[in-house]
Amino acid sequence: MSRENQSSEYTRYEKFYKLVKDWTVSDYFTPGVKAEVIIDMLISEFVEDLIGSHYWGDMQGEHQVTLLMKEFPIQTNEENNRNAKVDYLVSVDWEKLVLVELKTTDDSFDKNQLERTKAAVNTNVQDLIDFYNRIMGLKGQNTLDHKKYQYACDKFKFEDNMSMMQSEDGILKNLQLDYLYISLTDGKKLKENIPEEEKRLILEYYWKEGIADKKYKAFQKKLENEQRLQLWEEVSGILAECAKKV
C-alpha cells in the first residue's frame, strides 16, 4: 500500500474512531439510553483479561478465566420462573463460577440486586444450571427469545465449556460460587455495600494515566500482543471520557 493510501486509511480510521467516541460519550449521558449496554459493548472483548488481572495481577501464570454466558438468568422466586439477569457468568480455573455485575455509575448501584446475587451464590452450581436450562426450555423453539438463547449458547460454547467442569460421570463438580462487581469508578455506595476489595473490579485502575499505575502495568503484560494493547488503549480512552463526567 502506498503512503498516500496508508494516509487515507488512517484518516478514515481516525474519523470513525472520533465518531464512535463522541456518540458513545454523548449517549452515556443521554436520558433513557442504557449506559451499561454501552460499556458492556466496549469491555466484552476484555472481560476475561480484566478479571484475570484483577485476581492475580501479573502473576496469572496458568490461571484461566472463561466467559461462559452474558445475561445469565438467576431465579428470584422459588415458586415460579421469575428471574433476574446477571451481566456475565465466568469460570475461574474451571473450579469456581463467578456472577459478575456491571455498574456504570455509583447511583446505579442497587441493594436489592446485590441481595439477589448473594442469594444465588448461596445456592449451588447445579441449581443455577438447572434453572438456566428450564428457562431456555420454556421458550418456544421458533420464538426470538429461544433463538437468542441458542445463539448465546453457541457463541460462548456454553455446553462445551460446562463439560470442562464435570467429573468423569458427567456430573457437575462441587464448584465454588462467588460474585464480582465491575464499575467505572470506585463509588461511595459500592464501597459501603461491598467492602471487600476482591469483589470490586474498578475499570479506571486499568487504563493509562488512571489512578492505579501498578494495576495498569500488570494489565499491559496480560494482553497478548501490541494489537490488543492498542485496542484496549482506544477502548479505555472512551471509558475514561465517560468516567470524567461521573
Side-chain angles (χ1 to χ4, degrees), residues 19-54 65-76 82-90 97-121 128 132 135 144-145 148-149 151-152 155-156 158 178-194 197-207 210-211 219 231-232 234-246:
L19 173 73
V20 172
K21 183 176 182 179
D22 289 348
W23 277 107
T24 298
V25 174
S26 174
D27 285 348
Y28 183 78
F29 293 99
T30 299
V33 176
K34 291 187 176 181
E36 288 180 8
V37 175
I38 296 172
I39 302 304
D40 166 67
M41 177 190 68
L42 292 173
I43 71 169
S44 288
E45 173 68 21
F46 299 96
V47 162
E48 295 171 342
D49 300 305
L50 285 163
I51 294 175
S53 190
H54 171 71
V65 175
T66 304
L67 176 58
L68 298 175
M69 185 62 67
K70 295 174 69 171
E71 295 297 309
F72 186 80
I74 57 174
Q75 193 167 14
T76 59
R82 291 182 61 185
N83 62 89
K85 301 295 192 298
V86 175
D87 292 310
Y88 310 105
L89 176 70
V90 303
L97 291 186
V98 183
L99 304 177
V100 183
E101 294 285 2
L102 174 63
K103 296 285 107 184
T104 54
T105 66
D106 202 38
D107 287 339
S108 67
F109 178 82
D110 184 338
K111 285 187 177 180
N112 291 329
Q113 182 185 58
L114 175 60
E115 292 307 313
R116 288 196 299 266
T117 303
K118 286 182 175 180
V121 167
L128 285 181
Y132 172 80
I135 293 299
L144 181 59
D145 276 351
K148 286 183 176 180
Y149 272 103
Y151 172 82
K155 177 177 177 57
F156 296 107
F158 186 70
D178 203 352
Y179 71 92
L180 175 69
Y181 269 60
I182 298 177
S183 179
L184 269 183
T185 59
D186 206 6
K188 181 180 178 181
K189 289 182 181 179
L190 195 67
K191 287 188 284 190
E192 287 179 347
N193 289 278
I194 309 175
E197 289 188 10
E198 69 273 10
K199 296 187 186 298
R200 305 194 316 267
L201 191 165
I202 310 305
L203 289 170
E204 72 173 323
Y205 293 170
Y206 297 91
W207 61 60
I211 61 176
F219 186 58
L231 180 59
W232 173 248
E234 293 162 348
V235 166
S236 61
I238 299 175
L239 297 177
E241 286 299 312
C242 293
K244 286 179 182 178
K245 303 180 185 294
V246 171

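This chain uses plain numbering: 1 for the first residue, then up along the sequence. Heavy-atom basis, side chains included; hydrogens, waters and symmetry copies ignored.
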Does [X] reach the side chain of [Y], with side-chain heavy atoms less than 4.5 Å apart?
{"X": "Leu50", "Y": "Ile182", "answer": "no"}
{"X": "Phe46", "Y": "Leu203", "answer": "no"}
{"X": "Pro73", "Y": "Tyr149", "answer": "yes"}
{"X": "Ile194", "Y": "Tyr179", "answer": "yes"}
{"X": "Trp23", "Y": "Ile38", "answer": "no"}
{"X": "Phe72", "Y": "Phe158", "answer": "yes"}
{"X": "Leu97", "Y": "Val90", "answer": "no"}
{"X": "Lys70", "Y": "Phe156", "answer": "yes"}

Charged N-O contact under 4.0 Å between Lys188 and Asp106:
no

Could you walk me through whether Leu184 and Glu204 satisfy the side chain to side chain contact (heavy atoms under 4.5 Å, CB included) test, starting with their C-alpha distance in whole Å, then the side-chain angles of each, then the deciding distance to 0.1 Å, before giving a yes or no?
CA-CA 6 Å; Leu184 269 183; Glu204 72 173 323; over 6 Å; no

Where do [X] and [Y] come nearest, in terms of heavy atoms and distance?
{"X": "Leu102", "Y": "Ile43", "answer": "CD1-CD1, 4.1 Å"}
{"X": "Lys199", "Y": "His54", "answer": "N-NE2, 4.4 Å"}
{"X": "Val47", "Y": "Tyr88", "answer": "CG2-CZ, 3.9 Å"}

Got a second to check how far [X]'s [atom1] is from [Y]'s [atom2], nearest 0.5 Å?
{"X": "Met41", "Y": "Thr24", "atom1": "CE", "atom2": "OG1", "value": "5.0 Å"}
{"X": "Thr117", "Y": "Ile74", "atom1": "OG1", "atom2": "CD1", "value": "5.0 Å"}
{"X": "Asp186", "Y": "Ile202", "atom1": "CG", "atom2": "CD1", "value": "3.5 Å"}
{"X": "Asp40", "Y": "Thr104", "atom1": "CG", "atom2": "OG1", "value": "11.0 Å"}
{"X": "Arg116", "Y": "Lys85", "atom1": "CZ", "atom2": "NZ", "value": "11.0 Å"}
{"X": "Gln113", "Y": "Thr76", "atom1": "CD", "atom2": "OG1", "value": "12.0 Å"}

Indicate yes or no for a side-chain donor-acceptor contact from Glu48 to the backbone of Leu67 under 3.5 Å, with no hydrogens or angles considered.
yes

So, does Ser53 use its side chain to make a donor-acceptor pair with the main chain of Asp49 at under 3.5 Å?
no

Taking salt bridge (Lys or Arg N to Asp or Glu O under 4.0 Å) as the cut-off, I'd like each qualifying pair that reaches into residues 20-39, sequence neighbours left out, listed once.
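Qualifying pairs, neighbours excluded: Lys18-Asp22, Glu36-Lys103.
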
Just to verify, what does [X] make a side-chain hydrogen bond (donor to acceptor under 3.5 Å, both in side chains) with, not counting sequence neighbours?
{"X": "Tyr206", "result": "none"}
{"X": "Lys111", "result": "none"}
{"X": "Lys189", "result": "none"}

Could you pull out all residues at least two apart from Asp87 that satisfy salt bridge (charged side-chain N to carboxylate O under 4.0 Å, His left out)?
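Asp87 satisfies salt bridge (charged side-chain N to carboxylate O under 4.0 Å, His left out) with no residue once adjacent residues are dropped.
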
Can you confirm whether more than 12 heavy atoms, excluding those of Glu197, are under 6.0 Å from its CD atom?
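It does not: Glu197 CD has 12 such atoms or fewer within range.
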
Counterpart residues, ring-ring contact (aromatic ring centres under 6.0 Å, His included), relative to Phe109 (two or more places apart):
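Here the qualifying residues are Tyr181.
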
Side chain to side chain contact (heavy atoms under 4.5 Å, CB included) evaluation trace for Phe29 with Thr105:
CA-CA 11 Å; Phe29 293 99; Thr105 66; over 6 Å; no

If we check side chain to side chain contact (heavy atoms under 4.5 Å, CB included) with Leu89, which of these qualifies: Thr66, Val98, Leu99?
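Going through the options one by one, the only one that passes is Leu99.
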
Decide yes or no on side chain to side chain contact (heavy atoms under 4.5 Å, CB included) for Leu42 and Ile238, but give the supporting numbers first.
CA-CA 9 Å; Leu42 292 173; Ile238 299 175; 3.8 Å; yes

